[in-house]
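Below: one structure, written as structure tokens.
Here is how names work: the chains are called A, B, and so on, in the same order as the sequence lines, proteins then strands, and each is numbered from 1. Since this is a predicted model, take the numbers as computed values, not measurements.
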Amino acid sequence: MELSTKYNPQETESKWLKFWKDKNVFHAEPAPSKKPFTIVIPPPNVTGILHMGHALNNTLQDILVRYKRMKGFEALWMPGTDHAGIATQNVVEKQLAKEGKSRHSVGRQEFLKRLWAWKEENGNTIISQLEKLGSSCDWPRTRFTMDDEYSEAVKEVFVLLYNKGLIYRGERIINWCPRCQTALSDEEAEHKDKNGKLYYIKYPISHPERSEGSLKKQHIIVATTRPETMLGDTAVAVNPKDERYIKFIDKTLVLPLVGREIKVISDDFVAAEFGTGAVKVTPAHDPNDFAMGQRHQLEIVNIMHPDASINEEGGPYKGLDRFEARKRIVADLEAQGLLVKIEDHKHAVAHCYRCETIVEPRLSKQWFVKMKPLAEPALEAVQKGQIKIHPGHWAKVYVNWMENIQDWCISRQIWWGHRVPVWYCVGDDHCQLKCKEPIVSKTAPEKCPHCGSKNLKQDEDVLDTWFSSWLWPFATLGWPKTNEDLKYFYPTDTLMTASEILFFWVARMVMAGYEFMGKKPFSDVLIHGTVRDAKGRKMSKSLGNAIDPLEIIEEYGADALRYSLIINSGQDIFISKEKFEIGRNFANKIWNASRLVFMNCGSILKEFSHSERNEESLNINRLDLPSRWIIARFYDTLQNVSRAIEEFRYSEAETLIQDFFWGNYCDWYLELVKAKFNDINIQKTALFVLKNALKIMHPFIPFVTEEIYSKLNTKDECLSIANWPELNEQLIDKVAAQQMQVILDSITAIRNIRAQWNIKPNESINAFVVTPGTWLRLLQENCADIQRLARIDQLNIDVKAVNLKNTATALVGTTYGAIKVFVPLEGIVDLESEKKRMNADIMEKKKSIDGLNARLNNPDFVSKAPVDVIAKEKERLGSLNKEVCELNSILANLS
RNA sequence: GGGCGGUUAGCUCAGUUUGGUUAGAGCAUCUGACUUACAUUCAGAAGGUCGAGGGUUCAAUUCCUUCACCGCCCACCA
């Protein structure tokens with residue numbers, strides 16, 4: 001049972017991936033004797049390729065799931081992918097484009113066939129990449145949002161909500177992506193500040209009143225950022241209180257370039273301060289204008305084709321793209337002297353979140369979900385703390401959104417997705433009246449319920465992808481069917497996600513949970529940061545600053561990737577390639593420490609590896625101080641790490657682990673006991689601590705720990721399903737830490753002295769210990785260790801010699817924690833400079849003393865400060881005075 | 001425009017909830033060490049007016065307030 005000299009992450013990782021898979025280690029089943037713990041994965045897009053965001057998100061989930069699994073929960077991590085409507089369709093459309101075809105040219109059926117073929121071939125890429133990361137999902141359960149069963153859930157929900165009156169069809173201004181040629185929800189339209197222009201255009205009055213006498217008044221100037229939409233103007237609006245325009249209200253204007261006569265209306269919506277205070281009203285192309293149009297019964301003129309080119313309403317501009325039309329219209333206006341000026345204007349422009357195309361507000365008939373009634377319980381759940389969002393400040397963002405929620409446009413004019421389960425009767429003439437009503441049904445109706453016509457047509461649209469993913473926590477468990485899985489694993493426990501999809505997904509899942517299950521979907525939501533490059537920019541392919549997680553896995557291993565990501569995670573994570581070295585180094589450290597222990601504990605390793613409760617063979621009273629200390633330190637770390645995981649403070653948990661394993665176990669414990677490994681108790685302790693440390697490290701760095709554990713313990717099937725260590729109070733020696741500190745301090749003190757005065761290893765050091773006698777014994781007992789680690793040949797410890805005046809040879813010393821170590825310095829150091837240094841030291845201390853005295857003499861302080869604070873200050877004053885005394889007497893000796 | 005967060009060492013961040021010794025890490029820098037588990041290592045050092053002003057207090061990095069700068073989210077002012 002030996003470990004190779006060099007750790008090979010790639011080999012080890014593939015070995016354990018195979019093992020886990022073959023043994024189906026991560027499978028979870030309803031188990032009445034155990035408590036369930038459930039996480040559902042935020043389903044990555046089928047088109048997805050593993051990026052750092054995935055790596056972070058899934059590592060966080062994996063840590064928690066592995067921890068809970070070891071804690072004895074029946075831990076289910078439900079994996080799956082999302083069909084990602086527009087994104088996936090885009091991929092296949094691009095393929096078609098290469099063949100010179102379009103989705104329309106091949107037709108809906110053929111296109112869908114292609115999509116499914118693409119999915120079958122490539123849809124699993126992201127899943128296998130997540131697997132590589134070490135994600136302990138129950139992989140055979142992998143769901144896809146367009147699985148048959150899952151689709152049933154989607155249809156069920158549509159019908160339920162429709163029957164409840166919460167889904168309706170309406171003609172509205174929606175966000176339209178001219179490239180994808182589909183509606184987008186408000187959340188899918190990303191607003192970005194753009195430097196645009198504000199165009200001021202003259203709209204002449206059609207019947208100018210000559211009596212006014214002033215030529216200036218013969219037109220109204222309107223300001224717009226989208227001059228091309230003027231082709232669809234059906235009014236100009238002003239604020240009713242705006243005195244400049246009162247006389248124009250109800251007059252008619254001539255729409256330039258078009259010649260249509262339009263009215264001047266008054267509406268409170270118009271802000272007198274903006275632009276000229278007069279707004280052109282284009283009901284078909286702006287949501288506000290649409291609303292105004294409704295209020296004033298204005299005509300609606302749609303001027304664009306779905307691809308945002310101008311339609312026949314645009315007269316001479318017909319066929320032009322919207323931006324081309326804009327240029328031409330501006331030029332034409334200028335030619336006619338109607339363009340007053342163009343100003344720079346910074347404003348938010350909506351872009352398609354998939355293809356970045358500028359969104360065009362467009363009037364169209366879409367399906368909507370009424371959100372207010374759904375939002376109420378979801379809002380309350382967070383406000384009352386039934387669902388906790390971490391970090392807490394995100395709850396405010398959530399509440400803010402929920403309180404201002406708008407209806408959700410769920411229909412999309414694409415083909416990849418769940419087709420809207422609605423049919424229309426297009427049949428026989430004799431029943432037109434009633435048949436206008438849509439037929440909403442989970443299955444295709446045979447005939448129209450009103451007229452009996454069999455000539456039915458299904459709605460062409462599909463549903464927003466999020467309309468399926470908002471059901472994820474229960475639809476993946478089999479809903480709408482009821483089954484054991486659903487009963488046992490729902491509600492899930494923790495949801496981990498990036499802030500970007502808080503509204504898209506998290507908020508809607510909460511609503512769906514309450515609406516369809518009557519229960520919250522999860523209890524905790526952890527919002528983690530975004531992975532950025534070293535300069536703080538988002539990682540993206542287009543910027544070329546992305547670090548490929550697969551490359552890191554290849555080079556350093558998945559362990560290193562995971563460990564480094566987590567330890568660097570604060571809010572956002574700034575990452576450069578070198579940051580991953582820490583993970584690689586730590587895995588290497590674990591490997592080598594284990595090698596050392598294995599090499600030295602060979603005699604009992606076999607026996608040890610067979611027994612589960614090794615602690616029983618540990619007799620705490622027989623252990624030396626370092627062993628008692630490291631065990632106490634382990635249990636301390638165990639508690640802190642457990643707490644940190646439960647409280648979602650993962651980077652802190654890793655820091656605790658690293659401090660313990662690297663800083664205590666390797667740097668101190670193993671160094672201290674290295675020379676004494678023939679002691680069977682030390683062997684036992686070293687193995688015991690190593691084994692348990694592997695357990696608490698495992699969720700964070702699963703592969704290397706699994707590999708070493710497999711050599712250390714042949715009883716468990718594997719570490720992934722081993723038990724999390726339990727606290728064993730009997731093994732904790734409470735004073736060990738304090739005592740050990742004295743040893744560590746003394747070693748450090750002597751090391752300092754050696755370095756400072758350049759003492760050679762073969763020189764002896766007389767350490768005069770100014771501490772209570774008990775510690776003297778401690779130091780004497782551990783003298784050999786101190787000597788070895790401080791790298792001196794001889795260490796003479798003598799408490800009786802602490803009469804500073806008698807050590808006339810001059811002493812110089814160092815104080816470190818509890819002890820002071822003095823060494824003769826004659827011939828070692830320049831006395832004059834040493835005196836100077838000490839004088840400076842004294843001065844500084846005196847200054848502190850003065851400050852303290854002033855405070856302690858302040859009657860306010862004495863009367864108002866708590867007693868313990870005063871006591872501490874007095875104590876400090878005392879010790880400072882003492883130090884000054886000592887220094888003075890040394891100084892006196894020096895002279 | 002509304003909301004939320006941040007500003008602590010050269011860099012990345014802890015700490016501040018509940019004010020109280022000398023404000024902590026890691027990386028980077030510098031100095032030492034070839035100590036046979038590990039140079040992917042070990043031991044040290046240096047580095048801070050805790051963004052600025054004001055207030056409360058015996059005491060403020062911590063609480064309150066104003067300001068500056070940075071970031072994020074939301075938003076139909078054309």
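For U61(B) and G54(B), the P atoms lie 13 Å apart once the distance is rounded to whole Å. C42(B) and U36(B) have their P atoms separated by 14 Å, with the value rounded to a whole Å. Of the C1' atoms belonging to A9(B) and A23(B), the separation is 11 Å, rounded to the nearest Å. The same atom, P, is picked in C76(B) and in C64(B); the two are 33 Å apart, to the nearest Å. A distance of about 36 Å separates the P atoms of C63(B) and A43(B), rounded to the whole Å. Distance noted for atom C1' between U18(B) and A59(B): 16 Å (whole Å). Annotation: U40(B) and A45(B) have their P atoms spaced 24 Å apart (nearest Å). Between G20(B) and C73(B), the distance separating the two P atoms is 35 Å to the nearest Å.
With distances taken from any side-chain atom of Pro287(A) to the nucleotides C76(B), A37(B), C4(B), the minimum falls on C76(B). In this structure, of A78(B), G20(B), C38(B), it is G20(B) that holds the atom nearest to the side chain of Arg855(A). When distances are taken from the side chain of Lys396(A) to each of U40(B), C4(B), A78(B), the shortest belongs to C4(B). The nucleotide whose nearest atom lies closest to any side-chain atom of Asn585(A) is, among C76(B), U41(B), A37(B), U41(B).
At a cut-off of 3.5 angstrom, the base of C38(B) holds at least one donor-acceptor pair with the side chain of Lys589(A). For Asn288(A) and C76(B), a side-chain-to-base donor-acceptor distance below 3.5 Å is present, hydrogens and geometry of angles not being considered.
Between Asn592(A) and U40(B) there is no side-chain N or O to OP1 or OP2 distance below 4.0 Å. Applying the 4.0 Å criterion to OP1 and OP2 of U56(B), one finds that Lys864(A) has every side-chain N and O outside that range.
Using a 30° and 60° split on the angle between ring planes, Tyr669(A) and Tyr665(A) fall in the parallel class, below 30°. Ring planes of Phe661(A) and Phe586(A): perpendicular class, angle over 60° (limits at 30 and 60°).
Within a heavy-atom distance below 4.0 Å of RNA chain B, the residues of residues 661-668 of chain A found are Trp662(A), Cys666(A), Asp667(A).
Between Gln658(A) and Lys579(A), the residue anchored nearer the 5' end of RNA chain B, judged by the nucleotide with its closest heavy atom, is Lys579(A). Each of Asn568(A) and His393(A) has a nearest nucleotide on RNA chain B; the 5'-most of these lies closest to His393(A).
Panel note: side chain Ser266(A), backbone Pro240(A); no donor-acceptor pair is recorded below 3.5 Å. Between the side chain of Ser863(A) and the main chain of Asp860(A), a donor-acceptor pair closer than 3.5 Å is present. Remark: the backbone N or O of Ser4(A) is paired with a side-chain donor or acceptor of Trp591(A) at under 3.5 angstrom.
Rounded to an integer number of Å, the gap from CG of Leu670(A) to C1' of U35(B) is 14 Å. The separation between Tyr203(A) atom OH and A78(B) atom C1' is 11 Å, rounded to whole Å. Going from atom CZ of Arg791(A) over to atom C1' of A33(B) covers 7 Å, rounded to whole Å. Computed from coordinates, the Asn175(A) CG to A75(B) C1' distance equals 12 Å when rounded to whole Å. Protein atom CE of Met402(A) is 24 Å distant from nucleotide atom P of G2(B), rounded to whole Å. Rounded to whole angstrom, the span from the NZ atom of Lys577(A) across to the P atom of A28(B) amounts to 17 Å. If you measure from atom CZ of Phe677(A) to atom P of U35(B), you get 20 Å, rounded to the nearest angstrom. Taking atom CH2 of Trp591(A) as the reference point, atom P of C38(B) lies 14 Å away to the nearest angstrom.
Donor-acceptor pairing under 3.5 Å is recorded for the side chains of Thr282(A) and Lys280(A). Asn592(A) and Arg595(A) form a side-chain donor-acceptor contact under 3.5 Å, judged by distance and modelled atom types alone. Between the side chains of Tyr7(A) and Glu707(A), no donor-acceptor pair is found at a separation under 3.5 Å. Side chain to side chain, Glu654(A) and Tyr563(A) fail the donor-acceptor criterion of an N or O pair below 3.5 Å. Between Lys711(A) and Ser594(A), the side chains place no donor N or O within less than 3.5 Å of an acceptor N or O (distance only, hydrogens not considered).
Pro866(A) comes within 4.0 angstrom of a base, heavy atoms only. When heavy atoms are screened at a 4.0 angstrom cut-off, Phe269(A) is found touching base atoms of the nucleic acid. Asn588(A) comes within contact range of at least one nucleobase, with a heavy-atom separation under 4.0 Å. If you check every strand for non-hydrogen atoms under 4.0 Å, Lys6(A) touches a base. Here Glu671(A) lies in heavy-atom contact (under 4.0 Å) with a base. Residue contacts shown for Lys674(A) include a base, since a base heavy atom lies under 4.0 Å away.
When base pairs are accepted only as Watson-Crick or G-U wobble with both N-N or N-O distances under 3.5 Å, RNA chain B takes part in stems of 3 or more pairs at B:1-7 with B:68-74, B:10-13 with B:24-27, B:29-33 with B:41-45, B:51-55 with B:63-67.
Of the candidates Ile708(A), Val597(A), Leu712(A), Leu712(A) is the only one forming a side-chain contact (heavy atoms from CB on, under 4.5 Å) with Lys691(A).
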Begin from the C-alpha positions of Arg584(A) and Glu555(A) and carry the test salt bridge (Lys or Arg N to Asp or Glu O under 4.0 Å) through to its verdict. CA-CA 9 Å; Arg584(A) 177 197 60 176; Glu555(A) 198 173 335; over 6 Å; no
